[in-house]
Amino acid sequence: MTKKINEQVLRQQCEALVISMMGKDLAVNWWTGPNKAFNGDTPEAKFSAAPETVYAYIMTSAHGEW
């Protein structure tokens, strides 16, 4: 149960960061569109498999490292 709660918190943090960087409308597209950083997978699919990877990518982007 703790892992599920941690994953939910991680997702909420990711959502907040993506929305703050892109806006709510584009955030939806970001989650569902292919992404080079994830070898063409969507961030949504990558988060399901490895949430920490998506979080790390978002944090890097939020700090200005592209």
Side-chain angles (χ1 to χ4, degrees):
M1 184 166 163
T2 301
K3 182 177 179 176
K4 188 66 173 172
I5 291 171
N6 291 340
E7 192 173 305
Q8 289 173 344
V9 170
L10 203 59
R11 179 57 184 243
Q12 290 170 345
Q13 291 173 339
C14 288
E15 288 280 349
L17 285 166
V18 172
I19 289 170
S20 71
M21 290 187 292
M22 305 181 84
K24 193 170 186 172
D25 293 336
L26 292 178
V28 173
N29 292 338
W30 183 83
W31 281 103
T32 59
N35 191 306
K36 284 184 180 180
F38 306 128
N39 296 321
D41 288 339
T42 66
E44 186 71 57
K46 188 65 172 181
F47 189 89
S48 293
E52 298 85 5
T53 302
V54 177
Y55 178 77
Y57 173 77
I58 292 170
M59 288 300 293
T60 299
S61 298
H63 289 288
E65 300 174 33
W66 296 95

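Put simply, CD on Glu52 and CG on Asn6 are 9.0 Å apart, with the number rounded to the nearest 0.5 Å. To the nearest 0.5 Å, atom OG1 of residue Thr42 and atom CZ of residue Phe47 are 12.0 Å apart. Considering CG of Leu17 and NE2 of His63, their distance stands at 8.0 Å, rounded to 0.5 Å.
Cluster membership for Ile58 and Ile19, using ILVMFWY side-chain heavy atoms within less than 4.5 angstrom, is not shared. Hydrophobic clustering, with ILVMFWY side chains joined whenever heavy atoms are under 4.5 angstrom apart, keeps Val18 apart from Val28.
In this structure, Glu7 does not pair ionically with Arg11, as no charged nitrogen and carboxylate oxygen lie closer than 4.0 Å.
Around atom CG of Asn29, more than 12 heavy atoms belonging to other residues, nucleotides or ligands sit under 6.0 Å away.
Of all heavy-atom pairs between Pro34 and Gly40, the closest is CB-O, 3.3 Å. Nearest heavy-atom pair, Pro43 versus Gly33, reported as atom, atom and distance to 0.1 Å: CD-O, 3.1 Å.
For an aromatic pair to be called close, the ring centres must be under 6.0 Å apart, and Tyr57 with Phe38 satisfies this.
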Determine, step by step, whether Trp30 and Asn35 satisfy the side-chain contact (heavy atoms from CB on, under 4.5 Å) criterion, reporting the C-alpha distance in whole Å, the side-chain angles of both residues, the deciding distance to 0.1 Å, and the verdict. CA-CA 8 Å; Trp30 183 83; Asn35 191 306; 3.4 Å; yes
Between Val54 and Trp31, is the side-chain contact (heavy atoms from CB on, under 4.5 Å) condition met? List the steps. CA-CA 10 Å; Val54 177; Trp31 281 103; 4.1 Å; yes
